[in-house]
There are 2 protein chains.
Amino acid sequence: MSDSATSLSLKASLAAWRSPLSRALHRNRSKPYSRYFQLATVHSDGRPANRTVVHRGFLPDTNALIFVTDQRSQKVQDNQSVSWAEVCWYFTETREQFRLAGRLLIIGRNYPETALTEARLTTWRNLSDATRQQFFWPHPGQPRGPESDFETKDIDPDQPPSTFCLGLINPDTVDHLELRGEPQNRTHYTRVDDQWQVSNLNP
Amino acid sequence: MSDSATSLSLKASLAAWRSPLSRALHRNRSKPYSRYFQLATVHSDGRPANRTVVHRGFLPDTNALIFVTDQRSQKVQDNQSVSWAEVCWYFTETREQFRLAGRLLIIGRNYPETALTEARLTTWRNLSDATRQQFFWPHPGQPRGPESDFETKDIDPDQPPSTFCLGLINPDTVDHLELRGEPQNRTHYTRVDDQWQVSNLNP
């Protein structure tokens with residue numbers, strides 16, 4: 001990873017909340033939708049936006065969550081004005097919720113940092129072909145195009161299109177609520193100077 | 001319902017998106033968590049917030065979604081600055097997502113409209129005793145209190161405490177994405193002068 005300000009601010013040792021989150025992912029692994037979380041951002045007009053995205057793991061040697069998104073989507077547009085996000089991740093089997101808040105980074109083809117454009121390429125290679133197809137569909141949110149616009153294409157697994165972006169969320173606070181506690185347990189993690197402070201809160 | 005501006009703006013005939021949403025609730029009814037959705041709001045500092053809440057039905061003769069919340073919670077504080085919300089509601093069995101965006105209204109004990117404070121009372125009566133107990137717990141988000149603060153109390157089902165609030169979300173746009181389509185189907189609903197315009201969009 002290069003020495004630029006961005007990568008320095010991302011690079012970190014394993015945060016204290018990574019272990020309970022890994023445990024939740026493991027214990028809910030029988031449900032494919034356990035890898036889906038809801039991502040809140042803020043539109044340029046100040047209103048909130050909220051949608052489901054798929055967790056694609058963590059950027060190596062950081063605590064940044066990865067998802068993939070389309071350059072043409074509203075959330076990439078939103079990111080140009082306000083680059084904050086909050087993830088809400090509810091696990092149905094173990095009945096626990098993680099809220100992860102922090103800065104949102106969108107990595108497109110021309111992002112000026114090699115380590116991150118390489119992560120973009122690696123993530124593209126790991127996608128299913130069905131997911132890759134979606135980046136060749138017509139403009140999201142525009143009036144529905146004809147079926148022929150959605151036809152399956154031959155896609156190079158080593159060459160992501162310009163529409164393909166990596167989304168990175170680098171949390172600075174994490175709130176973990178366990179509904180099964182008696183009463184519920186709530187643990188709060190705050191990053192202060194690259195250290196994580198942990199506290200138990202009232203639910 | 002009274003003639004005030006608020007109730008007039010809430011009162012409405014059944015919106016076009018109510019039928020597909022009812023169908024989703026029905027087809028996913030075997031999973032209790034199908035009644036949970038993620039609610040995004042905006043903090044006073046402009047950052048997004050996102051948490052899971054429980055759907056408590058619709059306010060009669062309106063298209064406003066009901067949830068319950070604590071007067072002391074962050075989302076009630078947020079609501080004093082920006083009163084917009086977006087719900088993201090993902091149904092795991094049928095693999096479809098509804099995004100509902102609109103104004104958020106918090107109805108506390110002293111809200112100046114009888115019809116809405118009556119709805120607050122009705123909702124309180126319909127809660128389980130376990131849920132009612134939570135409104136007598138110590139201040140949410142404060143350092144964890146002793147176990148004795150969480151002891152079960154005798155609660156009057158006709159007398160909600162001042163901490164108990166109704167949250168109402170009155171959507172002005174609804175986006176319905178069906179992942180099972182080939183390709184996915186996306187239907188968009190926009191309210192224009194109390195009419196709902198429906199369009200098919202690219203997913």
Side-chain angles (χ1 to χ4, degrees), chain A residues 31-34 36-43 45-52 72 78 82 84-93 95 97 99-102 104 133-134 137-145 147 149-151 175 177 179 182-188 199-203, chain B residues 31-34 36-43 45-52 72 78 82 84-93 95 97 99-102 104 133-134 137-145 147 149-151 175 177 179 182-188 199-203:
Chain A
K31 306 293 179 189
Y33 56 75
S34 296
Y36 301 176
F37 58 70
Q38 277 71 39
L39 174 70
T41 54
V42 180
H43 290 301
D45 65 3
R47 296 199 200 183
N50 206 359
R51 77 291 277 168
T52 306
R72 304 165 294 177
D78 288 344
V82 181
W84 295 101
E86 185 158 296
V87 165
C88 184
W89 203 344
Y90 183 73
F91 291 93
T92 59
E93 304 306 292
R95 306 194 62 226
Q97 169 186 271
R99 297 171 60 181
L100 306 107
L104 173 62
Q133 294 287 340
Q134 300 181 6
W137 286 355
H139 199 298
Q142 297 290 313
R144 178 78 172 207
E147 291 309 294
D149 284 357
F150 294 90
E151 272 169 10
D175 191 280
L177 180 67
L179 294 182
E182 274 294 342
Q184 306 161 357
N185 289 314
R186 183 174 174 188
T187 312
H188 197 78
S199 50
N200 294 315
L201 303 183
N202 292 323
Chain B
K31 306 293 180 189
Y33 56 75
S34 297
Y36 301 177
F37 57 70
Q38 276 72 37
L39 174 71
T41 54
V42 180
H43 290 302
D45 65 3
R47 296 199 200 182
N50 205 359
R51 78 291 276 166
T52 306
R72 302 164 296 176
D78 289 345
V82 181
W84 295 100
E86 185 158 295
V87 166
C88 184
W89 203 344
Y90 182 72
F91 291 95
T92 59
E93 305 306 292
R95 305 193 63 224
Q97 169 186 272
R99 296 172 60 180
L100 307 106
L104 173 61
Q133 293 287 340
Q134 300 180 7
W137 286 355
H139 198 297
Q142 297 290 314
R144 178 78 170 205
E147 291 308 294
D149 284 359
F150 295 90
E151 273 168 11
D175 192 279
L177 180 67
L179 294 182
E182 273 295 341
Q184 307 161 358
N185 289 314
R186 183 175 173 188
T187 313
H188 198 77
S199 51
N200 295 314
L201 302 183
N202 292 323

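Given the structure is predicted, the values throughout are model-derived calculations rather than measurements. The analysis underlying the following values was restricted to heavy atoms, covering all of them including side chains, and did not include hydrogens, waters or symmetry mates. Residue numbering restarts at 1 for every chain, and letters A, B, ... go by the order of the sequence lines.
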Test item: Trp137(A) and Gln184(B) side chains (from C-beta on) under 4.5 Å apart, heavy atoms: yes
Any residue meeting side chain to side chain donor-acceptor pair (under 3.5 Å) with Arg51(A), in chain and number order, not counting sequence neighbours: Thr41(A)
Structural part of [X] lying under 4.5 Å from a heavy atom of chain A:
| X | value |
| --- | --- |
| Arg99(B) | side chain |
| Gln133(B) | neither |
| Leu100(B) | neither |
| Asp149(B) | neither |

Between [options], which residue shows the highest count of heavy-atom pairs closer than 4.5 Å to chain B?
| options | answer |
| --- | --- |
| Gly145(A), Pro32(A), Ala49(A) | Ala49(A) |
| His188(A), Lys31(A), His139(A) | His139(A) |
| Pro203(A), Ala85(A), Ala101(A) | Pro203(A) |

Gap between atom OG1 of Thr187(B) and atom CZ of Arg144(A) - 0.5 Å precision: 8.5 Å
Between [X] and [Y], what is the shortest heavy-atom contact and its length?
| X | Y | result |
| --- | --- | --- |
| Trp84(B) | Pro48(A) | O-CG, 3.5 Å |
| Val42(B) | Val42(A) | CG2-CG2, 4.1 Å |
| Asn50(A) | Val87(B) | ND2-C, 4.4 Å |

Partner set under side-chain contact (heavy atoms from CB on, under 4.5 Å) for Thr52(B), not counting sequence neighbours: Cys88(A), Tyr90(A), Gln97(A), Tyr36(B), Gln38(B)
Among the listed options Pro183(B), Ala40(B), Ser199(B), the residue most often paired with chain A at heavy-atom distances under 4.5 Å: Pro183(B)
Side chain / backbone / both / neither for Asp175(A) at chain B, heavy atoms under 4.5 Å: neither
